[in-house]
Novice: 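Here you go, one structure.
Position 1 is the first residue of the sequence; numbering continues from there.
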Amino acid sequence: MIKGNEWQQEQQRLDLVTDKLRSAISEIEPEVVGLRDQVTDFRKRFWEEVSINTSTHEDFEEAFYSIRQQETLLSERERSHGQRMQRLKSMKRLLPSPYFGRIDFQEEGFSFSEPIYIGVSSFVDVDGLSFLVYDWRTPIASMYYDYSPGASAYDTPGGRVAGEMTLKRQYHIGDGKLKRVFDTSVTIGDELLQEVLAQGADSQMKSIVATIQKEQNAIIRNDKTRMLIVQGAAGSGKTSAALQRAAYLLYKHRDKLKADQIVLFSPNPMFNSYVSTVLPELGEENMQQTTIQEYLVYWLGSTLELESPFEQIEYMLTSLSSQAYEARRSGVQYKASEAFLHALQQYAIWLGKEGMLFRSIRFQERELITAERIQLQFYSYDPTIRLANRVLLLQEWILQQLTLLERKEQRAHWVQDELDYLDNEQYAEAYRELLKKYKQEEEVVLHMNEQLLDDYGQFLGKGEDEEQDIDFAMQEIEGLLRKMIVSGHYKPLRNDVKRFKFIDIIGLYDQLFSDEAAYRGMTNETVIPEQWTEICRQTKEKLSRGELFYEDAAPFLCLKEFVEGTRRNTNVRHVFVDEGQDYSPFQFYFLKQLFPRANMTVLGDFSQAIFPQATNLSELNSPLIRLYGQEETNLIRLVRSYRSTSEIVAFTKALLPGVEIVPFERSEEKPRLIKVSNPAERVERMLAHLAELKAEGFASIGVITKTAAESREAYEALMSAGSEAMRLITKETLTFEKGTMIIPAYLAKGVEFDAVLIYDASAHVYDRESERKLFYTACTRAMHRLLLYTTGEWTPFIQSLDANLYEAEG
C-alpha cells in the first residue's frame, strides 16, 4: 500500500476531481430543472400553439405542419432534458467514489506515459477534451483487467494500440476520501478483493466492475460470438460477469442496442429481484427479465395448464415409492433429448402425408365445415409444399368458405328473431352505412335518419314515389342489419381460424403416444425408453385433464410451430440464460427459433444440474454447441470460486469428486456438523446458532431444506419454538431480502447467504446418488459459515469425506 508523498498526491488528485464533479453538478442541476419545467409547460400548452383549420386543403396542410413543428420542438426539449439528466445521474454516481483503478500507459512512439483513471462512468473536464475518469467499458480501460505492468495493448475501431503499462494501481474510496491504495502486478490485488469478498451478502446483487478478473473480462467484452457458453464453478462470478456484459454491450452499441432488446431468463422470479439493480447501478436501463416458465405459459396461452419446473422436481424428490416414478423419470429425460426432437421433425414429415387432425367449424350446434372436409382439402394441396405453408393455404380456404356461408346465413330464422329486437341505435348505424354507400347529401342524411329513427312508418303514406323510395331504403337497411348480425356472430369463428384453432394440436401431440408400433411408424424412431407404454399412459392421462407435464411444454410448442409456422421475435438481439444446465436441448432449440436474430449467452454449472433434463454445457459434443455450430460457439470455463471461504470450498469440492474448482484464499471457520438426538434438540440448537450468527453481524442467513414440504416443517418448528421473524420462501416468492430465509435447495440456486444452515443432512433425506448435486448446490450457497444438522446417520455424501474438512459436534 502506498504512503507518504504518493498518498498525498493521490488525495490531492481525488480532491481535484471531486471539486470538479461538484462544480459540474451545481452547474447542470439548474439546467435539468429548467428543461424539465419547459417540457412540462410545453406539454400543457401544446394545443394552444397549434392553429387548427380544415376548411380547405391548404388550411389542413398548414394545420398538419403546425402540429409537426410543435412535436419537433417538444421532442428536442425532451431529448435535451434526458441527456442532461443522464449526465447528472452519472456524475452523482461518481461523486462518492470517482474511480477505482488507474493505469499509466505509454503508447508506442511516445516518450511519456499517460495516467488513465477508471470508474463506473466517464467524466470529462470543462474543456471537453481531457478525461478525468474513463468509463470501465472504454477500450483503453480493458488493459486494467487484462494486463499486468509491461507490454500491453487495446483494440479500437481504428485498430490495435500497443505500448507499455508502467503502473497499475487500485483504490478504495469512500465519501471522497482515500481508504486504500494498492499497486499490483495482477488484475485485481488480493488486498482489495479480500476486502470486497469479506463483506456480507446483500438482498440484491452488486456491480463487480472494481474487481473484475481477467477471465470474467473475456466474458464481458466478447461481442462477436453467436453462442457464448460459460461453464462456471459455484461462486465463480459467472452471473455477475454476465450482467456487466449486458452493461458493456449497451455502452458499446448504444446507437443501435436498447435495454428492451436484451432478455435475461432467470431460474425463478425471486432471482429477478436479486439481480434487478445491477444495470441501473451502472447507469443503464434494466433489460427484460423473465423465466422460461413464464415464456412457455405465454406461448401455450389458455390451451393447457402447465406444470411448473418446481412441481416437476418436487415429484422427483418425493415420489420415489410411486410405481409410476421410473417411467416418469425416463419420460422426462427422453422428452428433453435431441432424439425426441428428431422424432418430432420426422413426425411433421409424416403428417404431411397422412394423420393430420382437424376440428369441425361449428356454429349454433351445427357443423358448418366438417373435420373430414377440412382434412380432404388439406391433402388436396401439392405434397411438396411445406407443411406449415399448406396449413396457411387451408386457413385461407376456410375463411373463404365462411364468407360464402355467412351470406347464406343471413336468411336464417334466427337472424329474423334478432332483427325484431334491435334498438334505434343499431338501425341508425345500418342507415349510416347505407348513406355512405349511396353518398347522399348531408341535409338528406340528417332528415332521413331522423325520420327513420322516430317512426319510419310515417313515410309510408306520403305518396307513391316516396313510398317506393322508403320501401327500397328499408329493404337495404334490413339487408345491412342482417349482414351486421351474422358478421358479429361469425367474427369469433374467423378469429379462431386465424389462430389456427381448426387444427387439433392437442390431438396431434396425443397421437404420438398411442402405442409403440404407431410411434415408430410415425417417427422412424428406433430407440425408445423401455417404459414407453407407461410413459404414453401418463402423458395421455395428463392431456385428457387439460394439463401438460413441464417436460412436454417445449416439444408441444415445437410441434405447434412445425404445423402452424414459427412465431418469431426479431427485435431481441441478446438472450442471457442463467442456470443453463437445467434447460433441455428442446428448450434451447425453442429459444433459438423464437429469437432468430439474437446472440445467446448461457451461464451454468453442470455440477449443479439438479433437474433430470439437464444439459451438459461443456462437453465438446454437447447439443448446446451443436445448436449454433463450433465456429459460432465459444466456451469459457471459470474454475475459481470467490463466494465461499477456502474451508467451505474444500468441503463442497469433496462432495463432488472430480469437480474443477479453485478457492480464493480467504480463510475462516470449517463447516460444522451438528448431530442431535431428536428434532426438538435440532430446533433448540439451530435457534442458538442463529442468535450467534446474528451477533457476529451476519444479516443474510439461509436455512436450506430439500423440499417445499420440509421448508414448511422447518418454518413451523422454528417459529413455534420462539424464533424471531423468518421468511418462508416458495416458488411464488417475488423478492429476495435480507434476514433469515427458509428455502428449498432448488429455489436457492443463484443466490448466496452469509451463513447457511442445512436443516437435515441425514441419510434419510439425502440417500440417492441422483441427489448429490442438489446437496452440493445447497452447501455452496454459503459465503462465511456452513452448519449442517442430522438426527440420525449422516448422508453418504458426508460419510465418505475426510474428517479434517469439518468440525463435528454432538
Novice: Contact between Thr777 and Tyr746 at the side-chain level, heavy atoms closer than 4.5 Å - yes or no?
Specialist: no
Novice: For the pair Arg226 (side chain) and Met600 (backbone), establish whether a donor and an acceptor sit closer than 3.5 Å, ignoring hydrogens and angles.
Specialist: no
Novice: Do any N or O atoms from the side chain of Gln395 and from the backbone of Lys498 form a donor-acceptor pair under 3.5 angstrom?
Specialist: yes
Novice: Measuring only between side-chain heavy atoms, which start at C-beta, is Leu306 closer than 4.5 Å to Phe549?
Specialist: no
Novice: Side chains of Ser330 and Gln531: any donor to acceptor distance under 3.5 Å?
Specialist: yes
Novice: Yes or no on ring pair (Phe, Tyr, Trp, His ring centres under 6.0 Å) for Phe378 and Phe358, after CA distance, side-chain angles and deciding distance?
Specialist: CA-CA 10 Å; Phe378 176 77; Phe358 298 100; 5.6 Å; yes
Novice: Using a distance-only test with no angle check, is there a side-chain donor-acceptor pair under 3.5 angstrom linking Thr291 and Gln293?
Specialist: no
Novice: Cut-off 3.5 Å, side chains only: do Tyr583 and Glu579 have a donor facing an acceptor?
Specialist: no
Novice: Whether the side chain of Thr225 engages the backbone of Leu228 through a donor-acceptor N/O pair (distance < 3.5 Å, no angle test) should be reported.
Specialist: no
Novice: Please check if the side chain of Lys731 supplies one atom and the backbone of Pro309 the other of a donor-acceptor pair under 3.5 Å.
Specialist: no
Novice: Using 30° and 60° as the class limits, which term best fits the ring planes of Phe797 and Phe775: parallel, tilted or perpendicular?
Specialist: tilted
Novice: In terms of the angle between their ring planes, are Tyr334 and Phe340 parallel, tilted or perpendicular, with boundaries placed at 30° and 60°?
Specialist: tilted
Novice: Tell me, with the steps shown, if Arg637 and Lys238 meet side-chain contact (heavy atoms from CB on, under 4.5 Å).
Specialist: CA-CA 9 Å; Arg637 290 182 173 87; Lys238 52 187 176 292; over 6 Å; no
Novice: We want to know whether Thr318 and Glu314 form a side-chain donor-acceptor pair, criterion being a heavy-atom distance below 3.5 angstrom.
Specialist: no
Novice: Determine, step by step, whether Val575 and Asn599 satisfy the side-chain contact (heavy atoms from CB on, under 4.5 Å) criterion, reporting the C-alpha distance in whole Å, the side-chain angles of both residues, the deciding distance to 0.1 Å, and the verdict.
Specialist: CA-CA 6 Å; Val575 172; Asn599 290 355; over 6 Å; no
Novice: How long is the straight-line distance from CD of Gln345 back to NE2 of His342, given to the nearest 0.5 Å?
Specialist: 6.5 Å
Novice: If we check salt bridge (charged side-chain N to carboxylate O under 4.0 Å, His left out) with Arg328, which of these qualifies: Glu551, Glu534, Glu541?
Specialist: Glu551
Novice: Do Ser514 and Tyr519 make a side-chain contact, defined as non-hydrogen atoms from C-beta onward lying under 4.5 Å apart?
Specialist: no
Novice: Strictly distance-based, threshold 3.5 Å: is any side-chain N or O of Glu632 a donor or acceptor partner for the main-chain N or O of Gly629?
Specialist: no
Novice: Any donor-acceptor pair under 3.5 Å linking the side-chain atoms of Gln593 with those of Glu561?
Specialist: no
Novice: Give a yes-or-no answer on whether the side chains of Tyr509 and Asp552 include a donor-acceptor pair shorter than 3.5 Å.
Specialist: yes
Novice: Taking the inter-plane angle between the rings of Tyr315 and Tyr325 on a 0 to 90° scale, is it parallel (under 30°), tilted (30 to 60°) or perpendicular (over 60°)?
Specialist: parallel
Novice: Can you see which heavy atom on Thr791 is nearest to which on Pro679, and at what distance?
Specialist: CG2-N, 3.8 Å
Novice: Between Ser622 (side chain only) and Leu624 (backbone N and O only), is there a donor and an acceptor less than 3.5 Å apart?
Specialist: yes
Novice: Verify side-chain contact (heavy atoms from CB on, under 4.5 Å) between Phe651 and Tyr806, making sure each step is shown before the conclusion.
Specialist: CA-CA 7 Å; Phe651 178 87; Tyr806 55 81; 4.0 Å; yes
Novice: Give a yes-or-no answer on whether the side chains of Asp605 and Gln231 include a donor-acceptor pair shorter than 3.5 Å.
Specialist: yes
Novice: Working to the nearest 0.5 Å, report the span between CG of Leu757 and CD1 of Ile704.
Specialist: 9.0 Å
